[in-house]
Amino acid sequence: MVDLFDTEPDAPVDLNGVTIWSGWLDDAAQSAMLAELRDVARAAPLRQYETPGGQKMSVRMTAAGEVGWVTDKAGYRYAPCHADGGAWPDIPASVLAVWRAVSGVDRDPDSCLVNFYGEGAKMGLHQDKDEADPRWPVVSISLGDPGLFRVGGHSRKDPTKSRWLNSGDVAVLAGEARLAFHGIDRIKFGEGEVLPEGGRINVTLRVAQ
DNA sequence: AAGTACCA
DNA sequence: TGGG
């Protein structure tokens, strides 16, 4: 019999091989994570990077862990220090806990990217392929306003599928989908309830080195 | 090269 | 709004 008041987590959804857990984090877990992410941004301020082609990205980024992803005219890379010259802060415990629960591997990540999407921010279709060994999964956590996530295949021209990611959702890029092209087409600025000022935060965990 | 645009 |  179906229990309409069942409180079990939702079953995961598959989007072109990416596993999406809707509502993985409850309100309390999201608040606790946000508090830790604010500390990360205090230690390593959010900044807008430039693509190798010289165009400014709309998303503001920072990172935690041994290395953080950066880009400028010299290219995409993982760097051991942030723009102010200091080491990146530690990966927050609440974020590590999500990795341990969903990654399916017994090695911890060495990099945690924190991306902030303000009004109008988006991220074009791309592959995460700057890591030394792409066989390790990537785990993505969404907080704040909804974001329209699009996933394709290994070629930029492969067909894509889209789905709205909401605050508390967790996505895992593993196996065949680890190198899938993906991006965020738009956000619903101000629609979320977790960030009072509006905007979307995406946290991604990787084994980069 | 993680950019912008546009279409129905 | 959803798509590509």
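Naming convention: chains lettered A, B, ... in sequence-line order (proteins, then strands); numbering from 1 in each chain. Computed over heavy atoms, backbone and side chain alike; hydrogens, waters and symmetry mates excluded.
For B:dA2, the OP1/OP2 oxygens have a side-chain nitrogen or oxygen of A:Arg156 closer than 4.0 Å. Note on A:Trp164: a side-chain N or O is less than 4.0 Å away from OP1 or OP2 of C:dG2.
Residues A:Met33 and A:Val98 share a closest heavy-atom pair of CE-CG2, 3.9 Å. Across all their heavy atoms, A:Gly152 and A:Ala180 have their closest contact at O-CB, 3.6 Å.
The residue A:Asp130 sits close to a base: some heavy atom pair falls under 4.0 Å. Among the heavy atoms of the strands, none lies under 4.0 Å from A:Lys161.
Here B:dA1 presents its C1' atom at 13 Å from CE of A:Met123, a figure rounded to the nearest Å. Distance, A:Leu125 CG to B:dT4 C1': 14 Å, rounded to whole Å.
Nucleotide B:dA8 forms a Watson-Crick or G-U wobble pair with C:dT1, both donor-acceptor distances falling under 3.5 Å. Summarising the base pairing, B:dA2 is matched to no nucleotide, lacking a Watson-Crick or G-U wobble pair whose two defining distances lie under 3.5 Å.
Side-chain atoms of A:Arg200 and A:Ser142 form a donor-acceptor pair, as typed in the model, at a separation below 3.5 Å. Remark: the A:Trp21 side chain and the A:Asp169 side chain contain no N/O donor-acceptor pair separated by less than 3.5 Å.
For A:Thr160, taking side-chain heavy atoms from C-beta onward, the closest of the listed nucleotides C:dG4, C:dG2, B:dA2 is C:dG4. Proximity note for A:Lys122 (side chain, C-beta onward) versus B:dG3, B:dT4, B:dA1: the nearest is B:dT4.
One N or O donor and one acceptor, one from the side chain of A:Arg186 and one from the base of C:dG2, sit under 3.5 Å apart. The base of C:dG4 is paired with the side chain of A:Arg150 by a donor and an acceptor separated by under 3.5 Å.
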